[in-house]
Amino acid sequence: GHSRKLDIFIYGCEKKPKDSTPAAPGWPIPGAFGCQVNVPTRIQERALPLLIQHNLPDAFNYHASSFRIQKSKSGTGRVVAFRELGLANSFTMEASFAGASRAAGGRWAGMHF
């Protein structure tokens with residue numbers, strides 16, 4: 001759970017130009033497995049959160065989601081799966097302890113999840 005941000009949101013991994021080489025010899029290229037060749041990576045890494053937003057607009061907040069990898073998060077499971085295992089779509093989904101935001105409107109506004 002999250003205590004500062006409201007709603008449900010996702011942390012993902014954005015593929016940068018520096019991610020075109022493996023982190024160590026013999027390791028896969030970050031984000032190489034599970035991706036579609038003809039689809040831009042920016043679209044691929046955001047497709048699942050957009051689908052969730054479309055299907056659960058009252059609780060999920062796509063705009064609160066983040067795809068940047070902060071240095072402090074380099075040891076998290078999603079970043080390790082992206083960089084060391086080469087998974088293209090590695091996410092952490094979080095939900096607020098306080099529930100949905102009133103700005104989102106809908107049936108869950110102001111209620112705990």
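Nothing fancy with the numbering, it's 1 onward along the sequence.
- Interatomic distance, CG of Asn89 versus CZ of Arg46, reported as 11.5 Å (0.5 Å rounding).
- The two residues Gly77 and Ser90 have their closest heavy-atom pair at O-OG, 4.3 Å.
- Taking all atoms of both residues into account, the shortest heavy-atom contact from Arg83 to Ile69 is NH2-CG2, 3.6 Å.
- We find the CD-OG distance between Glu94 and Ser66 to be 10.5 Å, quoted to the nearest 0.5 Å.
- Taking the six-membered ring for Trp and thresholds of 30 and 60 degrees, Phe91 and Phe67 have ring planes more than 60 degrees apart, a perpendicular arrangement.
- Judged purely by atom type and a 3.5 angstrom limit, Arg78 uses its side chain to pair as donor or acceptor with the backbone of Gly12.
- For the pair Glu45 (side chain) and Lys15 (backbone), a donor-acceptor distance under 3.5 Å is present.
- Linking Ile, Leu, Val, Met, Phe, Trp and Tyr residues whenever their side-chain heavy atoms come within less than 4.5 Å places Met93 and Tyr62 in a single cluster.
- Side-chain atoms of Phe60 and Pro49, non-hydrogen and from C-beta on, do get closer than 4.5 Å to each other.
- Between Arg42 and Glu14, some side-chain heavy-atom pair lies under the 4.5 Å cut-off.
- When each of Ile10, Ile8, Asp7, Ile52 is paired with Ser65, the side-chain contact (heavy atoms from CB on, under 4.5 Å) condition holds for Ile10 and for no other.
- Closest heavy-atom contact between Pro57 and Asn55: CD-C, 3.5 Å.
- Phe33 and Pro28 get closest at one heavy-atom pair: CE1-CB, 3.4 Å.
- Note that the CZ atom of Arg68 and the NZ atom of Lys16 stand 6.5 Å from one another [nearest 0.5 Å].
- One hydrophobic cluster, built from ILVMFWY side chains closer than 4.5 Å, holds both Val79 and Phe82.
- Between Pro30 and Pro22, the shortest heavy-atom distance links the atoms CD-CA, 4.3 Å.
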